[in-house]
Amino acid sequence: MNLTDKLELNKYLEDGEFEELILSEDAEQNEYLAARARAVRESVYGKEVYLRGLIEFTNYCKNDCLYCGIRRSNKNAQRYRLSEEEILDCCESGYELGFRTFVLQGGEDAYFTDEKLVPLIKEIKRRHPDCALTLSIGEREKESYQRLYDAGADRYLLRHETADKKHYESLHPSEMSFEHRIKCLYDLKEIGYQVGCGMIIGSPGQEVGHLIKDLRFLRELQPEMVGIGPFIPHHDTPFSDRETGSVDITLRLLSIIRLMLPKVLLPATTALGTADGLGREKGILAGANVVMPNLSPTDVRDKYLLYDNKICTGDEAAECIRCMTLRVQKVGYEVVQSRGDHSNFVKN
Ligand code: 5AD
Ligand code: FES
């Protein structure tokens with residue numbers, strides 16, 4: 001039996017088999033992998049592609065991840081924080097454009113305590129009861145995650161970045177703990193969030209064995225969402241001279257993840273679209289079913305720079321949505337106006 005079929009049937013794959021799928025240069029095998037991923041994705045979600053309106057509401061960050069352009073050591077980053085009113089305005093204009101999920105993403109900014117976030121979350125949900133709210137604000141204690149959930153947050157994105165402890169430690173300062181990050185993900189699951197994890201593809205020091213560990217971790221955690229994208233260097237970080245991660249490996253991993261977790265919500269990420277002008281379209285054709293256009297005000301767009309050459313920093317949200325709708329149509333799929341919940345969470 002070939003490896004794609006084995007994966008689809010949820011059979012155990014040896015490390016060597018995963019390695020062969022991830023690194024394969026066999027065009028026929030790669031096309032079959034993508035075709036099965038599309039078939040599985042269509043059996044669960046049809047041709048629908050879900051939109052997430054990304055609101056990058058603060059780029060203050062107490063962390064110092066070596067790969068990230070908004071790390072605290074980057075003194076050249078111009079810091080900003082949106083006011084509650086500005087965030088609510090983003091949601092309002094996003095709603096009119098057809099977004100039914102808002103993602104509040106930010107650095108780990110101590111300014112945004114639970115006391116600040118709880119009323120904000122409640123207000124967004126009060127104004128937009130038919131929308132899902134996703135948080136992506138890093139590591140917090142379980143009690144805090146619980147309060148934000150009770151306030152109305154539905155989903156939480158926290159990439160694990162790499163499932164290998166040593167590799168994790170080589171990408172992060174010593175005060176960041178691999179164990180705490182993983183614990184956060186299990187806490188979020190326990191509370192009842194739809195949870196997203198994910199890793200950077202081709203981050204410095206990454207070996208194929210690390211990616212295999214990532215896949216085994218996904219199988220264990222069973223996240224509702226998985227965000228992956230190629231590593232892209234940022235000029236003001238210690239990794240400024242490292243190579244961009246492979247788009248082809250990212251695409252194969254999208255397909256592998258789709259086959260391992262058929263119902264997963266899988267974005268074609270901005271990093272993928274930055275590394276390759278057609279990256280997001282290729283991502284959708286590899287099994288992705290989510291796109292995340294930027295809803296942040298244009299005057300802060302270029303300040304939320306995790307890596308260089310980030311796309312869409314000059315475009316209005318309305319333009320991004322037009323552009324994404326066309327790009328998605330071109331490859332035979334359809335952007336829809338819906339919350340786009342994981343199929344286990346759809347309420348009837
Ligand atoms: N290249 C690619 N992805 C990056 N991220 C941060 N910095 C980079 C980079 N240089 C990703 C991390 C983080 C997410 C918000 O962006 O995985 O969790
Ligand atoms: Fe804040 Fe990387 S430094 S997320």
Side-chain angles (χ1 to χ4, degrees), residues 52 54-74 76-77 103-109 134-140 155-164 167-168 170-173 176 178 180-182 184-185 188 195-206 210-211 214 217-218 223 225-247 249-251 253-254 257 266-276 279-280 283 290 292 294 296 301-313:
R52 316 296 192 209
L54 189 62
I55 304 171
E56 297 157 338
F57 70 104
T58 172
N59 72 351
Y60 283 88
C61 191
K62 72 174 168 58
N63 282 340
D64 215 18
C65 311
L66 275 75
Y67 44 82
C68 180
I70 64 166
R71 64 200 301 263
R72 66 158 191 266
S73 305
N74 181 8
N76 293 327
V103 182
L104 290 185
Q105 183 170 90
E108 290 195 17
D109 180 356
T134 305
L135 301 177
S136 178
I137 50 176
E139 295 178 42
R140 301 173 86 94
R155 311 185 187 133
Y156 205 102
L157 303 176
L158 180 70
R159 291 195 181 174
H160 64 286
E161 313 297 1
T162 171
D164 182 90
H167 185 224
Y168 186 90
S170 74
L171 298 175
H172 299 94
M176 284 179 76
F178 173 69
H180 189 258
R181 196 156 191 100
I182 301 298
C184 284
L185 285 164
L188 290 160
V195 174
C197 65
M199 58 279 188
I200 305 178
I201 311 305
S203 57
Q206 186 178 66
H210 299 147
L211 291 171
D214 288 322
F217 172 66
L218 297 185
M225 308 172 279
V226 178
I228 67 169
F231 166 75
I232 302 173
H234 182 289
H235 60 280
D236 279 324
T237 63
F239 293 150
S240 58
D241 59 351
R242 302 305 182 98
E243 266 176 53
T244 295
S246 158
V247 168
I249 291 180
T250 305
L251 294 171
L253 284 163
L254 283 172
I257 294 166
L266 197 58
T269 55
T270 306
L272 187 56
T274 298
D276 179 329
R280 288 167 300 175
V290 170
M292 304 176 70
N294 204 314
S296 314
R301 290 276 181 98
D302 56 345
K303 301 189 178 86
Y304 200 87
L305 220 54
L306 308 184
Y307 44 79
D308 290 338
N309 305 314
K310 190 176 167 202
I311 52 171
C312 306
T313 53

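Read the numbers this way: they start at 1 and go in the same order the structure lists the ligands and their atoms.
For His234 and Phe239, the distance between ring centers is not under 6.0 angstrom. A ring-centre distance under 6.0 Å is not found for His210 and Tyr168.
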Under 3.5 Å, side-chain donor or acceptor atoms of residues 196-204 against the rest of the protein: list the pairs with distances, not counting sequence neighbours.
none

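One option in Ala271, Pro230, Ser240, Gly229 has a heavy atom closer to atom 2 (C) of ligand 1 than any other, and that option is Pro230.
Residue-to-ligand polar distances keep Tyr307 apart from ligand 1: every N/O pair is separated by 3.5 Å or more. Considering both main-chain and side-chain atoms, Phe231 never comes within under 3.5 Å of ligand 1 through any nitrogen or oxygen pair. When only interatomic distances are considered, the shortest N/O to N/O separation between Tyr67 and ligand 1 falls below 3.5 Å.
Residue Arg159 approaches ligand 1 through these ligand atoms, each under 4.0 Å from one of its heavy atoms: 11 (C), 12 (C), 17 (O), 18 (O).
Heavy-atom separations between Glu161 and ligand 1 include at least one value shorter than 4.0 Å.
Residue-level proximity to ligand 1 for Leu306 is carried by backbone and side chain together, each with a heavy atom below 4.0 angstrom.
Other residues, nucleotides and ligands contribute at most 12 non-hydrogen atoms within 6.0 Å of the CG atom of Asn309.
With Asp64 as the partner, the side chain to side chain contact (heavy atoms under 4.5 Å, CB included) test is satisfied by one option alone out of Met176, His172, Arg72: Arg72.
Here the side chains of Leu254 and Ile228 are in contact, with some heavy-atom distance below 4.5 Å.
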